[in-house]
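Since the structure is predicted, the reported quantities are computational estimates derived from the model, not experimental observations. Lettering of chains follows the sequences in order, A, B, ..., and the numbering in each one begins at 1.
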Amino acid sequence: SEKKNSENTTGKETMKAALITATGGLGDRSFNDSAHEGFKRAKEELGVEIKVIEPQSTADYLQSLKLAANADYDLIMVVGNDWDDALNTVVPNYPDKKFAAVNVKSEADNLAVAQFADHEGSFVVGALASLMSESGTVGFIGGMDVPGINRFAVGFEEGAKYANPDIKVIPTYVGSFADPSKGKEFAIQLIGEGSDIIFQAAGKSGEGLFEALKENDGVYGIGVDQDQDYIVEGKVLTSMIKNVGNAAYDFIKQAKEGTFTSGVKVYGLAEEGVGMSEMKYTKDIIPADVLEKVEAIRQEVIDGKVKVTDVFDK
Amino acid sequence: MKLAVEMLNICKQYPGTLANDNVSIKIKRGSVVSLVGENGAGKSTLMNILYGLQKPTSGVIKINEEEVSFNSSLDALKKNIGMVHQHFMLVEELSVLENIILGMEPGKSMYIDYDKARIEIEELMKVNGIEVPIDELIGNLPVGLQQKVEILKVLYRGADILILDEPTAVLTPQETDELFNNIASLSKQGKTIIFITHKLDEVIRVSDYIIVMRRGKVVAEMNTKDTDKYKLAEHMVGKELPPVHERKEKDGSKVMKLENISVKEDNGLFALKNINLTIKEGEIVGVAGISGNGQQEFAQVIAGQLIPDMGKVFFENEDITNLRRTECLLKGISYIPADRKKEGLCMEWSVAQNSFAGYHIMPKFLKKILGFTFIDDKKVNKNAKDMIKQFDIRTPGHNSLVSELSGGNQQKIVIGRETVVNKPKLLIAAEPTRGVDIGAISFIHNYIMDLRNNGTAGVLISSDLDEIFALSDTIIVLFEGEIVCKVRAGETTREELGLYMAGSKRQESEYE
Amino acid sequence: MLDIITTILETTLRLLPSILLAGFGGLITQRIKLVNLGLEGFMLIGAFVAVAVSYYTSSAAIALLAACAVCGIMGLLFAVFNLKYKANNIIVSVAINMFALGITKYFLNLLFGVRGAFSSPKIVGFPVIHLPFLENIPILSAFANQSIILYVSLLVVAVVQIILFKTKIGLRIRATGPNPMAVETAGVSVFKLKCLVVSVSGILCGVGGAYLSLGQLTMFTDNMTNGRGFVAMAASNFGNAMPIGTFFGAALFGFTDAVTMKAQLYGFPPQLIQILPYLVTVLTLIAVAVYKKRKKKGMSN
Amino acid sequence: MNKKLKTFLTNLGKPIFAIIVSLFIGALLIIPTGTSPIEAYMILFKGAFGSWQGFSTSLAKATPLLFTGLAAAYSFRAGVFNIGIEGQLYFGAIASALTGVYFGNLPPAVLIPICMIAAMVIGMAWAFIPAILNVKLNISIFITCIMLNNIAQLFSNYLATYPFKGELAIGATYKISEGAMLPKLAGAMNDLNFGFIIAIILSIILYILLFKTKFGYESRAAGISRTFSRYIGIDATKKTIIIVMISGAIAGLAGAEQVMGVNYRYISDFSPGLGYTGITVALLARNNPLACILTAIFFGALTNGAIQMEVMTNISRDLISSVQAVMIVFIAADFAFDYFKKKKKADKNKTVGSKKEGKLC
Ligand SMILES: Nc1ncnc2c1ncn2[C@@H]1O[C@H](COP(=O)(O)OP(=O)(O)OP(=O)(O)O)[C@@H](O)[C@H]1O
Ligand SMILES: Nc1ncnc2c1ncn2[C@@H]1O[C@H](COP(=O)(O)OP(=O)(O)OP(=O)(O)O)[C@@H](O)[C@H]1O
Ligand SMILES: [Mg+2]
Ligand SMILES: [Mg+2]
């Protein structure tokens, strides 16, 4: 139910926007940071005043959201797929304010939701991994065994298998998003099992993968959410980018220009909401035919020729 | 002669108590000085000041005629002062050897030279005639041996001035004799000894000089040869002690009967073996014996705290073998345990809270509100106040913590609780006057005698034979968990009992 | 099979030092009857200081010393608050954990302008000891490439064992727990002794934390200790404050962790298998206790 | 009465002194951020106490801490260091959530108590394990509790992520039925719920139980000394087990409150260390259930105020928690108390000392 939000805020001198992060907070080199990038861009380009609030646990969600709504922010964006309950409680009480969220199921007249097709992006990097693997084994490191991460895992595995049905995919879960040394240990284990390409979606635990890459030749990593290629130049094959920053920027821009609409906006491969990094350091390593094949697969997903399983739909 | 110790105009103020009130004492080198006085007179405080554990509020200390200022025991140790504390300062988890060398471990580097330590300690034991198993854990030793370890500890540090705070309170007569021999030989070696005790016989026997304290002040000083037990008692109490109340002849009915009681310990040995005994109304059975021979288990079985492995307990012809402590207590079996600090009292609680412990289940301390049962604080406080009055317990009030009371007053709380709250039909009193001053002893003895004369049966467990003779009608001796002797009080002597207690004699047939 | 055992052993050895070192930090405070729940906080601060100093000095050795110094001082503060000002040690340790979490984030931002994670090529990690001659021997090859800190931590086991049971200060520490008055009256300042012990506990944790950030990794991330302090406490409790026992406790945790990692690779469900280390610990404790009880009974009969 | 007032004032003076000192130290940390510490503190204070919404949020944050604080205080009084509250809380939460979801069609009058009982029973059962292992096998309660905490949390998360996963995209159960929800006390957007009242009532009940009944008398005795309690006829081991189980039941209730009054479902890893903070709440309250109300509100206000401060100023959250840590240590420390005591002592000395020549040191 998409509905044009009649009110606009162009009348005010400066618009104010607040970002409320998921519990990981800023510095996750991942979606919180990505959203923050979008906000900073909006500040520079649109002259919007911005504010970041970092709840320490889900127990602080409701209050953080409420306080932000009570304060004079025009747009409040929350990041993380665990915001449903807080949004449902608060948003309807502030019809004059605009809210934005990522990957939640909540709906409201003043709430815009960006649905990122993590599974589609993962599918494509899965295909790349599979085509680049010389050993025939690729690995996945997830933070925790939860739906939000399984979405990546399943997409990755399907993509890998799609590109090469004989590929072996080993999924692992660190059990925490904040344990890089364990993350590294998992990477070492995966390498020991023959994986030469490893995809991580494990927050700070994923940093361990990059550390492991430094010590192991012939093994490549795949970053997540933001362009993480720079972390170990030349050894991070690509990153499965999730453009939360773009979405954030778009929401602010729309709000400022009065074109803010509620409802779900899909950020899939087609919309370039998810996709691969520019591969600044690895372009030359990847054979041209592989890049072509991956591009073809990407197109097939966009065209709907292949259907990638979305764990959230279950 | 030179002075070893001078303490001049010492004052020590605790919150609420002036423990030492302008005390001055002078002690000659090589002498044995007894420091006596009622409970709470300030003896331990004065000695703790001398040992650097407490700082005096004011006053001067001189050691060997040289003014000193102690900030910790280390300073005192450096001046060759050693102290055996009223409560042992031993680590049960460590061996005898480790306890002795603690703080002054031999060895040049950081390592302990255990061989050297062993040689030194063995030498020390030989010179002083003190024998202890040096590799045993302290926790496995009886108190008598622990006491010796404490003395060795002090000697090991090369102390010239030895402070012994109530060293005999937990010793048997034999152990006390040995200790006195040691003291004598130490004194011969030129060491100065300050000795705190409540036992006047000991004072007369062992010391050259006596200092009497009362209420924080020195009230008398004298050479031992110029005084005797009775004069000394008067100095201490400030008045003549009342004589022990007369024993009324009684021939009551049986109150308690023990049949073939045996208790096994964890290690498979018998703590009690085949005990048979009857106790009659108005009869006090004195239990003599060296501690650790089953006295505690004996008391606990009667009190209902320990269920025997074999045998039966009858109380007023009812089988109470399997009844718990609480039920026994309600039936009128009271129990004064030997260790008031660990067992008899909760040191963190107030006088009032302690004054009905165990009896807190009795309706007279409870009230009902809306069908729920609550403790009635008013009644509890009244009970405590009455007890304080009746037993002349020296305390700022019923809400004071028990830990802040002197030992004698703590003991009075236990005695009051076990005798007044619920009038006992059978009173088990273990070491009822341990560490208690002579005034209080006389009070407690008379009180127990009065109870007896009014028909209460009694079991008196004591390592003090004088106490046993003073109160008992019948005396039994426990040795290795068995009754090796049972006699009428008038028909035996200290010497004979000593033989039974040491296990070198065994009665063939008992009287009756 | 031998391969699997070797990799499990290798992983165990890599996971061991941080838990072992912090576990010994717990052990020595347990000896003086002080519950130090702050191991986690000390570790985190150690990890941070090590990374920061290594970044500025490019010397892992100086970084280690700095981590020791800072954690030692923190330990001293802990002791003073606990012993002199009578603040409950559990409250102080909880506060230390909270403080460590906040202050490391604060300084991460202040010094390096980043949040969450900090890595840089300028950070020099601890050296790895290569033992090439072990490389081809099954099982022992697990030792071929381990951090120097592993050997340091094994050394700590031996050193603490010797200090506790062979030296003067060790005797005093062992006596302080059960009866501090006995130590005090023997002319030893219990206050100073305890300060020393808590301070050393801080230092051991600091080294354990530094191992995380400069041994296993060369980076710092927020809260990167992630509960290891509690595991370390459990290890020293497991070992009953005995060095060898604590070593086995820490090794058990490292081992079960390594096994669960390995098991995931072979398709065991991750959610449930993560419970395994904790379950194994409880079951081991029960087994040991039952065994001891049986033995005691057997002796008395 | 006068004496009581005096001790009351001394007891009050102590934390106030501590708070002032720690605020001062906190100010030193805040000044570099460019915000005025006074303004920051004003926001914290106003946010926590300044309005009904603010205050009720403080109370809401205090509620679970009061439950866990009571669970801790109760077991500490009885001499058992139940550090397993966190795990008991998780199990209590999942139990009440599953009951609330799958028995949803029962009427509220039945359902609410049933959910709570489920939480209490499982909390109790989970606490029983370390207790019985301690009593029978002499295994340290400390280590078993830490292990069981992890097991409880991981297993509850597993249940919410797999077999009982709800409609959300996270590891959480379905919403509990309306009949299982505790009524809100300060509006739908405020977490303050009827659980707070239950917690207050529970504090009073526990206080009475501990200090006014036979059971409490015996519990306290068992907690202080085994030998003494055995002597006065108490089976200390049995008592210990019962007490740990009661403590576990209260911890379970803490989890139930979070589910039935706040989140309305079980959410994986929902607790920001409530069980551990509860231990601090209890210790700061010297294990007195009534004092726990104050310390829990203090912690609740700190948490709430910190969020306010974060939203209203540019002081980072990390700094706030560092300041809080300093504050907690200072409040736990005893120098203020010492200061008053010394003064009192000196006064007494004067009266006594004036009578004689002895110098005062
Ligand atoms: N630390 C303390 N705080 C407060 N009062 C104390 C303290 N130590 C001792 N007192 C008080 O000082 C007084 C003297 O105590 P002290 O121990 O010196 O007596 P004592 O002569 O050794 O008695 P006892 O014969 O019972 O051993 C007592 O009234 C006691 O209550
Ligand atoms: N912290 C304290 N506060 C108040 N009074 C204390 C304190 N510590 C000890 N006392 C009191 O000081 C005195 C000295 O204690 P001490 O250790 O000599 O025991 P005691 O009274 O002689 O007991 P006992 O004869 O039973 O061994 C005692 O009266 C004791 O109650
Ligand atoms: Mg004394
Ligand atoms: Mg005494």
Point to revise | Salt-bridge criterion met for A:Glu44 and A:Lys40 (N-O under 4.0 Å) | key: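 Looking at A:Glu44 and A:Lys40, the cut-off is not met.
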Practice item. Report the C-alpha distance between A:Phe177 and A:Asp28 in whole Å, list the side-chain angles of each, state the deciding distance to 0.1 Å, and finish with yes or no for side chain to side chain contact (heavy atoms under 4.5 Å, CB included). Key: CA-CA 10 Å; A:Phe177 287 104; A:Asp28 64 347; over 6 Å; no
Point to revise | Ring-ring centroid check A:Tyr162 A:Phe123, cutoff 6.0 Å | key: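 Judged by ring-centre distance (under 6.0 Å), A:Tyr162 and A:Phe123 do meet the cut-off.
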Practice item. Answer yes if the ring centres of C:Phe107 and C:Phe112 are under 6.0 angstrom apart, and no otherwise. Key: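 Distance test on ring centres: not under 6.0 Å, no.
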Point to revise | Modelled atom types, side-chain donor and acceptor of A:Ser176 and C:Asn226, under 3.5 Å | key: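 Present: a donor and an acceptor within the cut-off.
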Review point. Most heavy-atom pairs under 4.5 angstrom with chain C, which of A:Ser181, A:Ala212, A:Gly24?
Key: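 Among the listed options, the one with the most contacts to chain C is A:Ser181.
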Check your understanding: What residue, out of A:Pro180, A:Gly208, A:Pro171, has the most heavy-atom pairs lying under 4.5 Å from chain C?
Key ->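 Sorted descending by pairs with chain C, the first entry is A:Pro180.
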Residue [X] versus chain C: region with a heavy atom under 4.5 Å:
| X | value |
| --- | --- |
| A:Lys182 | both |
| A:Ile170 | side chain |
| A:Gln189 | both |

Check your understanding: Does some side-chain heavy atom of C:Leu37 sit less than 4.5 Å from a side-chain heavy atom of C:Met233?
Key ->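 When only atoms from C-beta onward are counted, C:Leu37 and C:Met233 do touch, with a gap below 4.5 Å.
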Which atoms of [X] approach chain A - backbone, side chain, both or neither, heavy atom under 4.5 Å:
| X | result |
| --- | --- |
| C:Gln274 | side chain |
| C:Ser119 | both |
| C:Asp257 | side chain |
| C:Phe118 | backbone |
| C:Leu15 | side chain |

If you count heavy-atom pairs within less than 4.5 Å of chain A, which of [options] leads?
| options | answer |
| --- | --- |
| C:Asp3, C:Asn223, C:Thr218, C:Ile273 | C:Thr218 |
| C:Leu108, C:Thr11, C:Thr7, C:Asn109 | C:Thr11 |
| C:Thr260, C:Thr225, C:Asp222 | C:Asp222 |
| C:Gln271, C:Gln264, C:Gln216 | C:Gln264 |

Exercise for review: Would you sort out whether A:His36 and A:Val52 count as a side chain to side chain contact (heavy atoms under 4.5 Å, CB included), showing the intermediate values?
Suggested key: CA-CA 8 Å; A:His36 192 211; A:Val52 185; 3.6 Å; yes
Practice item. Ignoring hydrogens and angles, tell me if any N or O in the side chain of A:Asn103 forms a donor-acceptor pair with the backbone of A:Gly80 under 3.5 Å. Key: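 Answer holds: no.
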Exercise for review: Evaluate the side chain to side chain contact (heavy atoms under 4.5 Å, CB included) criterion for residues A:Val236 and A:Tyr281: first the C-alpha distance (whole Å), next the side-chain angles of each, then the deciding distance (0.1 Å), finally the verdict.
Suggested key: CA-CA 8 Å; A:Val236 182; A:Tyr281 311 99; over 6 Å; no
